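What follows is a single structure, written as structure tokens, with notes after it.
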Amino acid sequence: MFEKELNELRRKNLLRHLISRASNQGPTITVNNKKFINFSSNDYLGLASQPEIIESAIMAIEKFSFGSGSSRLLAGGCTLHERLEKDVSRFKDTESALVFNSGYSANTGIIPAITFKDDVIFSDEMNHASIIDGCRLSRAKTVLYRHKDVKHLSELMRKEKGKRKIVITDSVFSMDGDIAPLKEIYGICLSHNREPGKRDPAILYIDDAHGTGVLGNGKGALSHFDIRPEPWIIQMGTFSKAMGSFGAFAASGENIIKWISNTARSFIFSTALPPCVIAASIKAIQLIKKENKLIEKLWVNTKRLSEGIKNIGYDTMKSETPIVPIRAGTIRDAMKLSDALFRKGIFAPAIRPPSVREPRIRITVTSAHTAEHIDFLIKTLEDKKRLTG
């Protein structure tokens with residue numbers, strides 16, 4: 001069964017294989033008994049192996065055990081879940097917040113919950129797969145606007161008269177590393193909401209998975225752009241990237257969060273995250289709020305890496321963040337480059353369709369990388385380019 005389909009994937013160089021590391025997550029990892037410099041992790045601040053976070057998780061296991069046993073609506077959550085949600089709402093400057101089991105389950109649960117059949121969703125064409133699937137699961141009409149094209153977004157919104165509008169965008173696009181023009185998108189939504197006679201304000205839904213802990217001194221994209229967290233703005237973020245933990249959240253106005261907790265199927269029908277995971281996220285927020293040096297180091301490393309790669313002639317596809325893609329041309333070219341890096345002890349797998357339209361090596365740098373790690377990657381890329389022209 002599926003042998004023909006698997007052979008077709010193999011023929012197109014699209015067959016993927018699971019990779020298991022035999023070490024903790026960090027700037028270096030062990031795979032198949034070999035040590036690699038890891039440039040494929042979203043652990044931007046190096047918190048996944050941070051001792052205080054590990055200690056918090058252990059203490060939570062000792063007090064609350066491991067498994068949650070049931071969904072939040074059936075008391076699967078404990079007092080730590082409630083505390084984390086309060087911490088998130090303070091961190092994001094919103095009235096309320098709700099914890100989800102993953103970013104994917106958040107997007108596929110929240111988007112259908114906040115939309116009705118007569119609504120119109122306006123989604124950036126390069127949004128994450130979880131947003132795309134959330135739009136598909138909704139009853140609303142979905143209209144794609146050109147990537148980061150605010151003029152196109154505005155034109156499309158004007159065409160849909162008399163309907164409630166939901167604008168959805170990633171803050172940081174996870175494969176290109178560029179940042180959404182949130183100031184302008186916010187302005188379009190604000191102007192729409194100030195029009196006389198508007199009963200239902202437009203909703204701005206921001207997937208801040210790769211912005212939380214990275215942009216705005218760690219607070220995320222709204223802080224980065226100095227935008228006030230209005231009650232009609234929903235911030236979705238994750239604990240699994242810069243916070244080094246697991247899970248996700250929605251932060252918004254109190255009524256919106258109450259509605260989501262009562263209608264988002266991925267929340268209602270999922271067992272609550274284990275208390276130890278919640279405790280790790282609580283500690284991560286505390287560390288991000290007080291450890292600005294981690295974020296500063298992340299951006300120093302980002303500049304060093306990005307400038308180094310550009311200076312040797314690689315196309316980094318307008319990256320503005322610690323996500324630095326290298327345009328590779330064909331799928332075979334991407335795999336060859338990844339293999340060459342792998343042989344030198346650098347872990348940076350090729351990213352291929354359907355994950356992206358254009359194959360690439362997606363390099364991610366963290367605050368835990370040393371200057372030596374980064375310089376070795378740049379030197380290896382330079383040698384490869386010199387040999388291949």
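The structure displayed is predicted, hence computed values, not measured ones. Just so it is clear, the values below take in all heavy atoms, side chains as well, and ignore hydrogens, waters and symmetry mates.
- Asp133 and Ser130 form no side-chain donor-acceptor contact under 3.5 Å, judged by distance and modelled atom types alone.
- With hydrogens and angles left out, the side-chain atoms of Thr212 and Asp208 include a donor and acceptor closer than 3.5 Å.
- Residues Tyr186 and Trp232 bring their aromatic ring centres within 6.0 Å.
- In this structure, Glu184 does not pair ionically with Lys148, as no charged nitrogen and carboxylate oxygen lie closer than 4.0 Å.
- Between Pro325 and Arg360, the shortest heavy-atom distance links the atoms CB-CD, 3.9 Å.
- Side chain to side chain, His128 and Asp170 fail the donor-acceptor criterion of an N or O pair below 3.5 Å.
- Using a 4.5 Å heavy-atom cutoff, the side chains of Asp333 and Pro359 are not in contact.
- We find that Glu55 and Lys283 are not joined by a salt bridge, their nearest charged nitrogen and carboxylate oxygen being 4.0 Å or further apart.
- Side chains of Asn38 and Gln25: a donor-acceptor N/O pair is present below 3.5 angstrom, by distance only.
- A salt bridge is defined here as a Lys NZ or Arg NE, NH1 or NH2 lying under 4.0 Å from an Asp or Glu carboxylate O, and Glu8 with Arg11 meets this definition.
- The OG1 atom of Thr30 sits 9.0 Å away from the CZ atom of Phe36 when rounded to the nearest 0.5 Å.
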For this session: Check the pair Lys289, Gln286 against side-chain hydrogen bond (donor to acceptor under 3.5 Å, both in side chains), reporting the backbone distance first and the verdict last.
Result: CA-CA 5 Å; Lys289 289 168 75 172; Gln286 293 173 358; over 6 Å; no
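- The pair Arg343-Asp339 does not count as a salt bridge, with every side-chain nitrogen at least 4.0 angstrom from each carboxylate oxygen.
- Between the side chains of Ser154 and Arg158, at least one donor-acceptor pair of N or O atoms lies under 3.5 Å.
- Lys165 and Lys163 make their closest contact through NZ-O, 3.0 Å (heavy atoms, listed as atom of the first residue, atom of the second, distance).
- Within 6.0 Å of atom CG in Asn7, more than 12 heavy atoms from other residues, nucleotides or ligands are found, so the atom counts as buried in its surroundings.
- Residues Leu337 and Ile378 share a single hydrophobic cluster, defined by chaining ILVMFWY side chains whose heavy atoms lie under 4.5 Å apart.
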For this session: Report the C-alpha separation of Asn301 and His369 in whole Å, then their side-chain angles, then the decisive distance to 0.1 Å, and conclude whether the side-chain hydrogen bond (donor to acceptor under 3.5 Å, both in side chains) test is met.
Result: CA-CA 7 Å; Asn301 284 352; His369 283 114; 5.5 Å; no
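- Both Ile29 and Phe342 belong to a common hydrophobic cluster when Ile, Leu, Val, Met, Phe, Trp and Tyr are linked at side-chain heavy-atom distances under 4.5 angstrom.
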For this session: I would like to know whether Leu298 and Leu294 meet side-chain contact (heavy atoms from CB on, under 4.5 Å); could you show each step before the answer?
Result: CA-CA 6 Å; Leu298 173 64; Leu294 288 176; over 6 Å; no
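- Under the 4.0 Å criterion applied to side-chain N and carboxylate O atoms, Lys344 and Asp383 are not assigned as salt-bridge partners.
- In the displayed structure, Phe66 atom CZ is contacted under 6.0 Å by at most 12 heavy atoms of other residues, nucleotides or ligands.
- In this structure, the separation between CE on Met1 and CD on Glu5 is 10.0 Å, given to the nearest 0.5 Å.
- Remark: the Ser105 side chain and the Ser266 side chain contain no N/O donor-acceptor pair separated by less than 3.5 Å.
- In summary, of the residues considered (Asp178, Thr302, Ile179, Val365), a side chain to side chain contact (heavy atoms under 4.5 Å, CB included) with Thr321 occurs for Ile179 alone.
- For Glu82, the CD atom is loosely surrounded, since the number of other residues' heavy atoms within 6.0 Å does not exceed 12.
- Checked against the 6.0 Å centroid criterion, the rings of Phe249 and Phe100 do not qualify as a close aromatic pair.
- Taking CZ of Arg136 as the start and CD1 of Ile111 as the end, the distance is 12.0 Å to the nearest 0.5 Å.
- When only modelled atom types and interatomic distance are considered, Ser123 and Asn127 share a side-chain donor-acceptor pair under 3.5 Å.
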For this session: Begin with the C-alpha distance, continue with both residues' side-chain angles, and end with the deciding distance and a verdict on side-chain contact (heavy atoms from CB on, under 4.5 Å) for Asn13 and Arg332.
Result: CA-CA 7 Å; Asn13 290 314; Arg332 187 174 293 277; 3.4 Å; yes
Exercise. What do the steps show when you test Val324 against Phe39 for side-chain contact (heavy atoms from CB on, under 4.5 Å), and what is the final call?
Worked result: CA-CA 10 Å; Val324 184; Phe39 282 104; over 6 Å; no
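- With 3.5 Å as the limit, one finds no donor-acceptor pair spanning the side chains of Ser41 and Asp43.
- A salt bridge between Lys219 and Asp93 is present, with a side-chain N of the basic residue lying under 4.0 Å from a carboxylate O of the acidic one.
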Problem set entry | Criterion ring-ring contact (aromatic ring centres under 6.0 Å, His included) on Phe173 and His210, from CA distance to verdict | CA-CA 8 Å; Phe173 293 89; His210 292 270; over 10 Å; no
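- Within 6.0 Å of NZ on Lys34 lie more than 12 heavy atoms contributed by other residues, nucleotides or ligands.
- Counting heavy atoms of neighbouring residues, nucleotides and ligands inside a 6.0 Å radius, atom CH2 of Trp259 does not exceed 12 of them.
- Residue Leu341 is not grouped with residue Ile331 when hydrophobic side chains (ILVMFWY) are merged at heavy-atom distances under 4.5 angstrom, including chains of intermediate members.
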